[in-house]
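Below, all heavy atoms of this structure are taken into account, side chains as well, without hydrogens, waters or symmetry copies. Chain letters run A, B, ... following the sequence lines, proteins first and then strands; every chain starts at 1.
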Protein chains: 2
Amino acid sequence: MADVAARAGVSLSTASLAFSGNKPVSPATRERVLAAAASLGYAGPNPLASNLRRGRSGVVGIAVGRLSTAFRDPAALPMVDAVSDVLDAAGFGLLLMGDDAEHARLPLDAVIYDICGRETWTSYDDLVARDVPMVVVEGPAWPGTTLIDIDHRGGARALARHLHDLGHRRVATLMLEPSHPQREREAGLREVFPDAEVVGSCASDHDAAQAIVSDYLAAEPDVTAIVCQSDVQAAAVVVEARRRGLDVPGDLSVGGFDGITTPWLDLELTTVEQPLADKGRATAEAVLARIAGEPAHDVVLPVVLRVGGSTGPA
Amino acid sequence: MADVAARAGVSLSTASLAFSGNKPVSPATRERVLAAAASLGYAGPNPLASNLRRGRSGVVGIAVGRLSTAFRDPAALPMVDAVSDVLDAAGFGLLLMGDDAEHARLPLDAVIYDICGRETWTSYDDLVARDVPMVVVEGPAWPGTTLIDIDHRGGARALARHLHDLGHRRVATLMLEPSHPQREREAGLREVFPDAEVVGSCASDHDAAQAIVSDYLAAEPDVTAIVCQSDVQAAAVVVEARRRGLDVPGDLSVGGFDGITTPWLDLELTTVEQPLADKGRATAEAVLARIAGEPAHDVVLPVVLRVGGSTGPA
DNA sequence: CGTTTCGATCGAATCGTTTCGATGGTAGCC
DNA sequence: GGCTACCATCGAAACGATTCGATCGAAACG
């Protein structure tokens, strides 16, 4: 940049201003600097130096766990997409923190924890020590972190009431692995069905859900409805129930969660729709606020019950 | 770090060595430095400063397009997963470059282009000017980039031969959007079926594929097999064919590409299996080599035909 | 016992910007 | 015409580490 400044006949500081636009520079001067840069093949300020001086890298980490686990369920995508959109617009990039490992040497301006279900983070202490802002999606929130959540409990309760209204009395639930949101949802369900049976628990994965529910249905339980924790799980249950000759919703009602589309099913699931994109946007905005040093308040987003064709009278 | 050094009674340079481990430091001294750091709440070298001095950020960009597009097809995941694994192990992180936009200010040590199908990159010139190594997955390669590819043409040819062996003579193909790999695959198909009809083209998306093939089948074409460019497309074709009362593979054979599992189908697709994880590993290794300043050679990985239950005699 | 060797430690230079406060000149005002 | 404001520009001081070459002791050697 010194060379560019020299060639343009200005000082180093003026050249810097011409690139960053942080202070007014006369248009003529700016032109001259940019021309000099072009003729010297200078591609603009070195990001590494710029980062050091400004104390900011423009990189935000997002811990999602293993990709093929995190994104196996399509419901995860719109959320991260929204995060990415908002951050991009603000000039930040999103760095995947596969696991929660040693990313201590990477220049992170903030970290998003979107490991739904994980409750301990190896990197927490380190990030606190480095004063890196943290935003947690679907908590539990730790001290110093900002929490973005949805109304798990209310959603679960609404779906349970819907089933109760349809006359169901014996209801079972296929759970996710133990986690904060899962416990909230179970609580919501048990407000309506205190004695709901547990089918089992597994990740939001078609194969796993199908295997578990297959064993369960084989035992001929006398439940009339199964509440799942994701639409992927619910779709698997529908497929398996049919495979066993059960009619959905005639013989068995199935409820989901998330509100994504399941094009390979010929019915629309009854599900608790969560605002995935809003969740992502809220997360990104919290990140930006915290990076800017502003306070960020926790958020709990509402969910709505969307009644489809997978539930019917008991 | 100066404070830590002072408290430990060593020089700044020794303290740095104690943290980085680049040069031998006596164990006693290291202990003392780390203890001083702990007691002062110093979390280790500031990444931003470290980056500037070493001329490296530890961040590798990966351009995949919009997430919900890029990862809608599960076949994309194992590849990125493998990239992430290898880079993680080498201390690098993966930054998602949603689109191919202005990431000029971000500190990138290298960039991976995995936008299957995209042929122009806004950032190419800029990255060349900054001397950032680029690795392109499934081409076309531009000057200065390293190419990691699979044998699209051979795979397509193998599947076509398989159908020809089964007696099929009238074959149609559902294509991806125009792109380098798509052209290669079409060439492979036409080596066997020069007159293959085109069903249409769309992204690797269940809904889109189903809609297109639905129109096509409605016209009652007298083809006996449809070759798809991904297993997601193929699954959609199977679903739609059945919806229309066709038996697969009795009335219609369907071929896929990728070799992923489709648990919601009750048959295994006949498909061209590509080594997704190997592709990711090769990509990451090329990246690391180029970052280290070593030459990286282009790679073309083999594919294998995997015969399943979606193809049968004409 | 003198000399060589080697490992641990240190000082100082450097990485390439951004930004603060100061300076100089010009325009507007009375 | 003199005075104040203001804008564009500049010089110099950070930002916080890493690393090269030099120095200093002590161990090893003959």
Side-chain angles (χ1 to χ4, degrees), chain A residues 1-37 40-59 91 104-109 126 129-132 291 293, chain B residues 1-34 36-37 40-59 91 104-109 129-132 291 293:
Chain A
M1 186 152 149
D3 293 350
V4 172
R7 198 174 212 289
V10 298
S11 75
L12 179 55
S13 32
T14 301
S16 171
L17 296 179
F19 284 110
S20 69
N22 285 358
K23 282 269 171 81
V25 170
S26 81
T29 309
R30 171 188 270 89
E31 285 301 304
R32 213 145 21 94
V33 172
L34 297 184
L40 289 176
Y42 174 79
N46 177 326
L48 265 33
S50 171
N51 288 346
L52 170 59
R53 181 61 237 233
R54 307 187 324 184
R56 178 167 305 177
S57 68
V59 178
R105 300 194 64 106
L106 295 180
L108 301 178
D109 288 346
D126 190 60
R130 304 189 108 85
D131 211 31
V132 176
I291 288 179
Chain B
M1 185 149 148
D3 293 349
V4 172
R7 198 174 213 287
V10 298
S11 75
L12 178 55
S13 32
T14 301
S16 171
L17 296 179
F19 284 110
S20 70
N22 284 359
K23 280 269 172 79
V25 170
S26 82
T29 309
R30 170 187 271 88
E31 285 301 305
R32 212 142 24 91
V33 172
L34 296 184
L40 289 177
Y42 175 80
N46 177 324
L48 266 33
S50 170
N51 288 347
L52 171 58
R53 181 63 237 232
R54 308 188 322 183
R56 179 167 304 178
S57 67
V59 178
R105 301 194 63 108
L106 295 180
L108 301 178
D109 288 346
R130 305 190 108 85
D131 211 31
V132 176
I291 289 179

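- B:S50 comes within 4.0 angstrom of the backbone, heavy atoms only, and of no base.
- The closest side-chain donor-acceptor pair between B:T29 and B:S26 falls under 3.5 angstrom.
- Judged purely by distance below 3.5 Å, without hydrogens or angles, the side chains of A:N51 and A:S57 never pair a donor atom with an acceptor atom.
- Among the heavy atoms of the strands lying under 4.0 Å from B:S13 is at least one base atom, whether or not backbone atoms are also near.
- Counting only distance, with no hydrogens or angles, the side chain of A:S20 and the backbone of A:S16 share a donor-acceptor pair below 3.5 Å.
- Between the side chain of A:R53 and the base of C:dT17 there is no donor-acceptor pair of N/O atoms closer than 3.5 Å.
- Distances shown here put every side-chain N or O of A:Y42 at or beyond 4.0 Å from the OP1 or OP2 atom of C:dG16.
- Contact between the side-chain N/O atoms of A:S11 and the OP1/OP2 oxygens of D:dT9 is not found at any separation under 4.0 Å.
- A heavy atom closer than 4.0 Å to some atom of DNA chain D occurs in A:P24, A:V25, A:S26, A:T29, these being the qualifying members of residues 17-33 of chain A.
- When Watson-Crick and G-U wobble pairs are counted only if both distances are under 3.5 Å, D:dG30 pairs with C:dC1.
- Taking for each of B:A49 and B:T14 the nucleotide of DNA chain C with the nearest heavy atom, the 5'-most of the two is the partner of B:T14.
- The separation between A:L12 atom CG and C:dC20 atom P is 16 Å, rounded to whole Å.
- Taking the charged nitrogens against the carboxylate oxygens, A:R130 and A:D126 do have a contact shorter than 4.0 Å, which makes a salt bridge.
- Panel note: side chain B:R7, backbone B:A36; no donor-acceptor pair is recorded below 3.5 Å.
- No option in B:L106, B:D109, B:L108 other than B:L108 meets the side-chain contact (heavy atoms from CB on, under 4.5 Å) test with B:V59.
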